[in-house]
A.B. asks: 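Submitted below is the structure of interest, expressed as structure tokens.
Within every chain, numbering begins at 1; the chains are lettered A, B, ... in the order of the sequence lines, protein sequences first and strands thereafter. FYI, side chains are in, hydrogens and waters are out, and symmetry mates aren't considered; it's all heavy atoms of this structure.
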Number of protein chains: 2
Amino acid sequence: MSESVDRLRRYLEDELGECRNDDLQNRLQELEDLEALLSEETVSEDVGTLAALGNDTRYRLVRLLVESGEELCVCEITPLVDVSDSAVSHAFARLAEAGLVTKRKEGRWRKYRATRRANALLTVLDGSR
Amino acid sequence: MSESVDRLRRYLEDELGECRNDDLQNRLQELEDLEALLSEETVSEDVGTLAALGNDTRYRLVRLLVESGEELCVCEITPLVDVSDSAVSHAFARLAEAGLVTKRKEGRWRKYRATRRANALLTVLDGSR
DNA sequence: CGCTTATTTGAGTGAACACACAAGTAAGTG
DNA sequence: CACTTACTTGTGTGTTCACTCAAATAAGCG
């Protein structure tokens, strides 16, 4: 730790031409404030969401739901991705857990729909490419 | 494959009360069109981006850069995450590869900055929580 | 009820990951 | 030009994944 503070001091000396102890303390405080913005809960929720979408199969499922703009039956989606029924089911379970899709039972059929969050994410991916 | 078409036919019979062959062909075409929107390249680029951000360490690095709004030196960021220098370096390499950060050398220091895409993604995560 | 079908759940397994440690590179310094 | 410093790169390794197959659940039907 104090080793990394040494490195930071040398960096500030480079940047400022000199480096009083005040400068170092200031920068340390600024960086600490920055870190404080990262709440443990936010991080794990966001990372969970991103990791859920960051897989070929799951991304495709969500993309299909978003493009269709409606609820789709598992039986309609499965033929569009190249994995087993079981894999599709596992994938949807994880997506639901991450809040990217919602599930509804209708008789013997199960239907999934993309959430607002899923729509927002794909939209921003499209828009920043 | 024809097995899943059978399932789809039964589904449509449920939905429509009946199901002529035309209905089935129509729906099959609609679903095929939906699938066609998924270009192989788009999928792998987006999935790469999402998977890169979907890791605790890498997410934190990007979040710090985005919050700071400026270029930061590796030496400033490393003390804020709880892994080795080496891990930070590996993480930045992957983020750069995914187009989420850019790198600049300045003498013996290396500085990273979040890209527009990184900013957009974190913004939408914040806004859809 | 017993049978079929739609989907889920529970292993098991090969592959991909994330990180630490050690060695390498490149810039700056005396 | 040796020496330090600021990273980066290569490699080994325990861990997490993603998927498949098999078994379980659950709804609809005769």
Side-chain angles (χ1 to χ4, degrees), chain A residues 2-15 17 19 43-44 47-48 50-62 71-79 81-98 101 103-112, chain B residues 2-15 17 43-44 47-48 50-61 71-79 81-98 101 103-112:
Chain A
S2 74
E3 192 185 300
S4 65
V5 172
D6 289 345
R7 180 160 50 155
L8 186 54
R9 166 183 288 281
R10 283 189 293 268
Y11 172 65
L12 291 178
E13 277 166 1
D14 260 27
E15 285 288 293
C19 173
V43 174
S44 74
V47 168
L50 293 161
L53 258 191
N55 161 266
D56 225 81
T57 299
R58 291 190 299 264
Y59 175 91
R60 282 170 198 273
L61 295 179
V62 172
E71 211 176 35
L72 291 179
C73 175
V74 171
C75 66
E76 295 179 292
I77 299 187
T78 299
V81 297
D82 197 30
V83 293
S84 68
D85 288 2
S86 163
V88 170
S89 185
H90 279 299
F92 273 131
R94 171 110 188 242
L95 289 169
E97 160 100 26
V101 303
K103 177 189 197 168
R104 195 170 68 86
K105 300 190 189 187
E106 189 177 302
R108 48 179 168 164
W109 313 96
R110 305 297 139 91
K111 299 184 164 189
Y112 286 93
Chain B
S2 74
E3 192 187 300
S4 65
V5 172
D6 288 345
R7 179 161 51 154
L8 188 52
R9 169 183 286 283
R10 284 189 292 270
Y11 172 64
L12 291 177
E13 277 166 2
D14 259 28
E15 285 289 293
V43 174
S44 75
V47 168
L50 293 161
L53 257 191
N55 161 267
D56 224 82
T57 299
R58 291 190 300 263
Y59 175 91
R60 281 169 198 273
L61 294 179
E71 210 177 36
L72 291 179
C73 175
V74 171
C75 67
E76 294 179 292
I77 298 188
T78 298
V81 295
D82 197 30
V83 293
S84 68
D85 288 2
S86 161
V88 170
S89 186
H90 279 297
F92 273 131
R94 172 115 187 237
L95 288 169
E97 160 102 25
V101 302
K103 178 187 195 169
R104 194 170 68 84
K105 300 189 190 188
E106 187 177 304
R108 48 179 167 164
W109 313 97
R110 305 296 139 93
K111 299 185 165 189
Y112 287 93

A.B. asks: Quickly work out the B:Trp109 CH2 to C:dT29 P distance and round it to whole Å.
C.D. replies: 10 Å
A.B. asks: D:dC7, OP1 or OP2 - any side-chain N/O from A:Arg7 closer than 4.0 Å?
C.D. replies: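 So the side-chain polar atoms of A:Arg7 do come within 4.0 Å of the phosphate oxygens OP1 or OP2 of D:dC7, strictly under.
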A.B. asks: Check the phosphate of D:dA6 against B:Arg108, side-chain N and O only, distance under 4.0 Å to OP1 or OP2. Yes or no?
C.D. replies: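 Looking at the OP1 and OP2 atoms of D:dA6, one of them is under 4.0 Å from a side-chain N or O of B:Arg108.
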A.B. asks: Measure from OH on A:Tyr11 to P on C:dG28 and round the result to the nearest Å.
C.D. replies: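 That distance rounds to 14 Å.
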A.B. asks: Send over the distance from B:Asp85 CG to C:dG24 P, rounded to a whole Å.
C.D. replies: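 Whole-Å distance recorded here is 18 Å.
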A.B. asks: Name the orientation class of the two ring planes belonging to B:Trp109 and A:Tyr11 (parallel below 30°, tilted from 30 to 60°, perpendicular beyond 60°).
C.D. replies: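 Geometry flag for A:Tyr11 against B:Trp109: perpendicular rings.
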A.B. asks: Whole angstrom is fine here: how far is it from CG in B:Asn55 over to P in D:dT15?
C.D. replies: 17 Å
A.B. asks: Between B:Asp85 and A:Arg7, is a side chain to side chain contact (heavy atoms under 4.5 Å, CB included) present by the stated rule, with each step listed?
C.D. replies: CA-CA 12 Å; B:Asp85 288 2; A:Arg7 180 160 50 155; 3.5 Å; yes
A.B. asks: What is the distance, rounded to the nearest whole Å, between atom CG of A:Asp6 and atom C1' of D:dT5?
C.D. replies: 12 Å
A.B. asks: If you pin A:Arg10 and A:Arg94 to their nearest nucleotides in DNA chain D, which one's is more 5'?
C.D. replies: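 Residue closer to the 5' terminus by nearest nucleotide: A:Arg10.
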A.B. asks: Between B:Glu13 (CD) and C:dA6 (C1'), how many Å, whole number?
C.D. replies: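 Checked: the CD to C1' distance equals 15 Å.
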A.B. asks: Please state whether the phosphate of D:dA18, meaning OP1 or OP2, lies under 4.0 angstrom from any side-chain nitrogen or oxygen of A:Tyr59.
C.D. replies: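 Result: no.
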A.B. asks: Please identify which of these residues, B:Arg108, B:Arg104, B:Arg110, meets the side-chain hydrogen bond (donor to acceptor under 3.5 Å, both in side chains) condition with B:Glu106.
C.D. replies: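 Single side-chain hydrogen bond (donor to acceptor under 3.5 Å, both in side chains) partner of B:Glu106 among B:Arg108, B:Arg104, B:Arg110: B:Arg104.
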A.B. asks: Less than 4.0 angstrom from a charged side-chain N to a carboxylate O is my criterion; do A:Asp14 and A:Arg10 meet it?
C.D. replies: no
A.B. asks: Taking only N and O in the side chain of A:Lys103, is any of them less than 4.0 Å away from OP1 or OP2 of C:dT8?
C.D. replies: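 For C:dT8, OP1 or OP2 has a side-chain N or O of A:Lys103 closer than 4.0 Å.
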A.B. asks: Within a radius of less than 6.0 Å around CD of B:Glu13, do more than 12 heavy atoms belonging to other residues, nucleotides or ligands occur?
C.D. replies: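 Enclosed: over 12 neighbouring heavy atoms sit under 6.0 Å from CD of B:Glu13.
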A.B. asks: Heavy-atom nearest nucleotide on DNA chain D for A:Asp56 versus B:Cys73: which residue maps closer to 5'?
C.D. replies: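 Nearest-nucleotide comparison on DNA chain D picks B:Cys73.
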A.B. asks: C:dT9, OP1 or OP2 - any side-chain N/O from A:Ser89 closer than 4.0 Å?
C.D. replies: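 False: A:Ser89 side-chain N/O out of range (4.0 Å or more) of C:dT9 OP1/OP2.
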A.B. asks: NA contact type, A:Lys111, heavy-atom cut-off 4.0 Å: base, sugar-phosphate, or nothing?
C.D. replies: nothing
A.B. asks: Within the 4.0 Å heavy-atom criterion, would you say B:Ala87 contacts the bases, only the backbone, or no part of the nucleic acid?
C.D. replies: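 B:Ala87: backbone/sugar contact only, no base atoms under 4.0 Å.
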A.B. asks: Could you give the CZ-to-P distance, from A:Phe92 to D:dA18, as a whole number of Å?
C.D. replies: 15 Å
A.B. asks: Any base atoms under 4.0 Å from A:Thr57, or only sugar-phosphate, or nothing? Heavy atoms, all strands.
C.D. replies: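 A:Thr57: backbone/sugar contact only, no base atoms under 4.0 Å.
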A.B. asks: Check this for me: does the side-chain of B:Ser86 come within 3.5 Å of the base of D:dT9 through a donor and an acceptor?
C.D. replies: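 Flag set: donor-acceptor pair detected.
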A.B. asks: Phosphate oxygens OP1/OP2 of D:dC7: is one of them under 4.0 Å from a side-chain N or O of B:Tyr112?
C.D. replies: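 No.
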A.B. asks: Which whole-number value in Å describes the distance from B:His90 NE2 to C:dA16 P?
C.D. replies: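 Distance, rounded to whole Å: 18 Å.
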